[in-house]
Amino acid sequence: MLDVKLLRTDLDRVVAKLATRGFSFDGTKFEQLEQQRKDLQMQTEQLQAQRNQSAKAIGKAKAQGEDVQPLLDAVADLGEQLEKAKSAFDQVQQELDSMLASLPNLPDDSTPVGQSEDDNVEIKRWGKPREFDFEVKDHVELSEQRGWYDNEAATKLTSARFSVLKGSMARLQRALTQFMLDTHINEHHYEEVYVPYIVNQDSLYGTGQLPKFAADLYKLEKHDEHDTSDRDLYLIPTAEVPITNLMRAEIVDATQLPIRYVAHTPCFRSEAGSYGRDVKGLIRQHQFEKVEMVQFVHPDESYDALDALTQHAASILEKLGLPYRMMSLCTKDMGFSAAKTYDLEVWLPGQQAYREISSCSNFEDFQARRMMARFRTGQDKPQLLHTLNGSGLAVGRTLVAVLENYQNADGSITVPDVLKPYMGGADQI
RNA sequence: GGUGAAGUGGCCGAGAGGCUGAAGGCGCUCCCCUGCUAAGGGAGUAUAGGGUUUGUAGCUCUAUCGAGGGUUCGAAUCCCUCCUUCACCGCCA
C-alpha cells in the first residue's frame with residue numbers, strides 16, 4: 001500500500017509514476033474523496049466531542065443530585081446526527097481504502113520504463129548454452145521416454161496442469177530442493193522456516209495478492225456453512241505469503257536486522273487466465289515446488305539487499321552450471337507490490353529460449369505498510385521495514401533445466417556435480 | 001469435537017455503567033541526593049488518525065482495554081457473535 005500522505009502531498013507524481021506501469025489512477029476522484037473525507041471526519045469528530053462533553057456533564061450533574069432532564073433533552077437528537085455523519089464518513093473512508101488498496105507500488109527510479117516484457121533490460125548473462133552434437137529433446141520427451149513423467153495419471157487424479165513424477169526424476173527434484181536449502185542456509189545465512197500451506201485473508205492482503213488477484217488463488221470451502229466469520233482460507237500461491245506475514249503486526253529491534261528466512265513449500269496457483277500458454281510439460285503448473293527467500297531489512301539497505309538476494313538465487317544456477325541471464329523488469333511487466341524486480345531466466349535447450357526461473361523483488365515499505373511490519377531503533381518511534389523476496393529457485397523449472405541441459409544422446413541425464421551427494425553418488429540417471 | 005476458565009498499556013495487575021486513556025507495581029528515560037558493588041526523592045514513559053502549522057515542535061479533537069456488532073445521554077465495565085489462549089475429556093500421525 002502506498003502512503004496516503006504521499007498521495008495528499010505529491011499526487012501528480014504518483015499518478016505519473018503509476019502511469020508508467022500502465023495503471024491509470026484518477027487523481028481528481030481521489031482529491032474529491034479526500035475532501036469529502038476531511039469534511040465528514042471533522043463533522044463526525046465534532047459531534048463525538050460534543051457527545052463526550054455532554055455525557056460527562058450529565059454524569060457530574062447526576063453525582064451532585066441535580067436534575068439531568070434538561071441536559072438529556074439537549075442531546076436528544078445528537079445520536080441520530082452522529083450516526084448519520086458516521087455512516088457517511090465510513091462510506092467515504094471505505095471507498096478511499098479500497099482505492100488505496102488497489103494501487104500498485106511505485107516503481108523505483110532505476111526500474112526501466114516499458115510497455116511489455118520486450119522492454120525488460122538484460123543486466124548480464126552467465127554461462128554459454130551448450131552445443132549439442134545430437135538433436136536435443138525437450139524435458140517432456142526426455143522424461144516420458146524414461147517413464148518418469150505421467151501426465152495422464154495426473155489428469156486422472158486431478159485435472160490438467162498437474163503432474164506425477166516417478167523414479168529418478170522425482171528423486172532429482174528432491175535433491176534439487178535439498179541442495180538449494182542447504183546452500184542458502186550454509187552459505188547465504190538464511191534461517192530455515194517451516195510454514196503453513198494454508199493462509200487466511202489477512203495474510204494475502206498483507207503481501208498484496210488480495211483484494212485484486214483472488215482469481216489466481218485456490219480458496220477452500222468453508223467446512224461449516226453456519227460459520228459467518230470472515231475466515232476464508234486459501235492455499236498459498238507462494239511461500240512469500242506465510243513467510244512475509246510472520247512479521248505482520250510485529251515490531252522488531254533494529255539490532256535484529258536483517259532477518260533472512262528460507263523455506264521450501266509447494267505453491268498452488270489457479271491462474272485462470274493462463275490457458276493456452278505452456279500447455280505441455282512442467283513449465284506452468286497449478287501445483288509446483290519452490291524454495292523461497294525472504295528478507296526484512298532496514299530501509300537504507302534494501303537495494304543492496306536486493307542485489308545480494310538476486311545473487312543468492314543466481315549462485316544456485318551457477319553451482320548447477322546452468323546458463324542464465326538476469327533481467328531488470330520494466331514498469332509494465334513488474335508485479336503489483338514490487339518497486340524493483342530482477343528476473344533470472346535459465347537457458348532451456350528444448351525451447352531454445354531463456355525462461356524465468358526466479359523473480360527477486362524489493363517491495364520497499366509497500367507490503368510492510370499493509371501488514372504493519374515495523375522495527376524500532378532504540379527508543380525511537382517504530383518505522384516500517386522493507387521487505388524483499390526471491391525464488392531460490394522454482395524447483396520444478398530447475399528440474400526441467402537440468403534435464404534439458406544435461407541430456408545425453410542416449411536419453412540419459414548426467415547428474416550435476418553438486419547434486420551427486422543428494423543422488424546417492426550417481427553420475428548419471 | 002465436548003466441557004470449563006480467561007483475554008486490560010513493554011511486562012505483571014486493579015477495575016464491575018459516569019471525574020478511567022485507564023489505580024498500583026515492575027521495567028525503562030531524565031534530574032536530584034548519596035563517594036561506592038546498596039538505597040532514597042522527583043518528573044516522565046502506548047498507538048493510530050484528523051485539524052491547526054513551513055514543520056516528524058506545540059496546541060487541540062477523535063479512536064483504541066482480543067475483534068466486530070448491540071443497549072445507553074454515557075461502556076474496559078451490560079448483551080450477542082466470532083477469534084485466541086489455558087485446563088480436562090474425546091479422537092488422531
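As the structure is a computational prediction, the values presented were derived from the model and not from experiment. Here is the naming used below: chain letters follow the sequence lines, and residue numbers restart at 1 for every chain. Both backbone and side-chain heavy atoms feed into the values below; hydrogens, waters and symmetry mates do not.
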Query - A/Gln115 atom CD, neighbour heavy-atom count above 12 within 6.0 Å - result: no

Query raised in the report: When you compare B/C12 with B/G17, how far apart are their C1' atoms, in angstrom units rounded to a whole number?
Result: 27 Å

Query - B/C73 pairs with, by Watson-Crick or G-U criteria that keep both distances under 3.5 Å - result: B/G18

Report task. Could you state the atom-to-atom distance from CG of A/Leu72 to P of B/G18 in whole Å? Result -> 16 Å

Query raised in the report: Does NZ or CZ of A/Arg37 fall inside the cone over A/Phe89's six-membered ring, less than 6.0 Å from its centre and within 45° of the axis?
Result: no

Query raised in the report: Just checking, is any N or O donor in the side chain of A/Ser203 or A/Asn200 under 3.5 Å from an acceptor N or O on the other one?
Result: yes

Report task. In whole angstrom, give me the gap between the P atoms of B/G2 and B/G90. Result -> 16 Å

Query - Atom-pair distance (CD1 on A/Ile58; P on B/C73), nearest Å - result: 9 Å

Requested in this report: Quick one: look up who B/U85 pairs with, Watson-Crick or G-U, both distances under 3.5 Å, and put none if it's unpaired.
Outcome: B/A5

Report task. With sequence neighbours excluded, give me every side chain to side chain donor-acceptor pair (under 3.5 Å) pair touching residues 163-173 of chain A. Result -> A/Ser163-A/Gln285

Query raised in the report: Does A/Lys38 make a side-chain N or O approach to OP1 or OP2 of B/G51 shorter than 4.0 Å?
Result: yes

Requested in this report: Provide the distance between the two P atoms, one in B/A63 and one in B/A75, to the nearest whole Å.
Outcome: 9 Å

Query raised in the report: If you draw a 6.0 Å radius around CD in A/Glu187, do more than 12 non-hydrogen atoms from other residues or ligands fall strictly inside?
Result: yes

Query - Atom P, compared across B/A67 and B/C11: separation rounded to whole Å - result: 14 Å

Requested in this report: Tell me the partner of B/A93, counting only Watson-Crick (N1-N3 plus N6-O4 or O6-N4) or G-U wobble (N1-O2 and O6-N3) with both under 3.5 Å; none if nothing fits.
Outcome: none

Requested in this report: Calculate the interatomic distance between A/Gln43 atom CD and B/G51 atom P; express it in whole Å.
Outcome: 15 Å

Query raised in the report: If you measure from the P atom in B/C92 to the same atom in B/G1, how many Å do you get, rounded?
Result: 16 Å

**Report entry** Side chain of A/Ala55 (C-beta onward), nearest among B/G18, B/G21, B/G49
**Finding:** B/G18

Query - Distance in angstrom units between A/Arg376 CZ and B/A48 C1', rounded - result: 14 Å

Report summary line: For A/Phe336, the ring pair (Phe, Tyr, Trp, His ring centres under 6.0 Å) test, sequence neighbours excluded, returns A/Phe213, A/Phe366

Query - Euclidean distance for P, B/U56 against B/A22 (whole angstrom) - result: 25 Å

Query raised in the report: Between B/U53 and B/U64, how far is it from one C1' atom to the other, in whole Å?
Result: 26 Å

Query - Side-chain H-bond candidate by donor/acceptor type, A/Gln209 with A/Gln201, under 3.5 Å - result: no

Report task. Tell me the partner of B/U62, counting only Watson-Crick (N1-N3 plus N6-O4 or O6-N4) or G-U wobble (N1-O2 and O6-N3) with both under 3.5 Å; none if nothing fits. Result -> B/A48

Query - 5' priority, RNA chain B, between A/Lys60 and A/Pro382 [closest heavy atom] - result: A/Lys60

Requested in this report: Say whether A/Glu364 and A/Tyr303, considering side chains only, have a donor N or O and an acceptor N or O under 3.5 Å apart.
Outcome: yes

Could you go through nucleotides 58-68 of chain B and list every protein N or O atom that sits under 3.5 Å from one of its N or O atoms, giving the distance for each pair?
| residue | atom | partner | partner atom | Å |
| --- | --- | --- | --- | --- |
| B/U62 | OP1 | A/Asn52 | ND2 | 3.1 |
| B/U62 | O3' | A/Gln48 | OE1 | 3.3 |
| B/U62 | O2' | A/Gln48 | OE1 | 2.9 |
| B/A63 | OP1 | A/Arg51 | NH2 | 2.9 |
| B/A63 | OP2 | A/Asn52 | ND2 | 3.4 |

Report task. Calculate the interatomic distance between A/Glu83 atom CD and B/G74 atom P; express it in whole Å. Result -> 11 Å

Query raised in the report: Is B/G40 paired to anything, Watson-Crick or G-U wobble with both distances less than 3.5 Å, and if yes, which nucleotide?
Result: B/C32

Query - Length of the CE-C1' vector between A/Met42 and B/G49, whole Å - result: 14 Å

Requested in this report: Describe the nucleic acid contact of A/Lys62 in one word from base, sugar-phosphate, nothing, applying a heavy-atom distance below 4.0 Å.
Outcome: base

Query - Interatomic distance, A/Arg374 CZ vs B/A46 C1' [rounded to whole Å] - result: 11 Å

Query raised in the report: Under a 4.0 Å N-O cut-off, is there an ion pair linking A/Asp109 with A/Lys17?
Result: yes

Query raised in the report: What's the CG-P distance between A/Asp77 and B/C73, to the nearest Å?
Result: 12 Å

Requested in this report: Using the P atoms only, state how far B/G7 lies from B/C65, rounded to an integer number of Å.
Outcome: 14 Å

Requested in this report: Sort out the partner of B/G55 for me: Watson-Crick or G-U wobble, both distances under 3.5 Å, none otherwise.
Outcome: none

Requested in this report: Nearest-nucleotide wise, let me know which of A/Lys5 and A/Ser54 is further upstream toward the 5' end of RNA chain B.
Outcome: A/Lys5

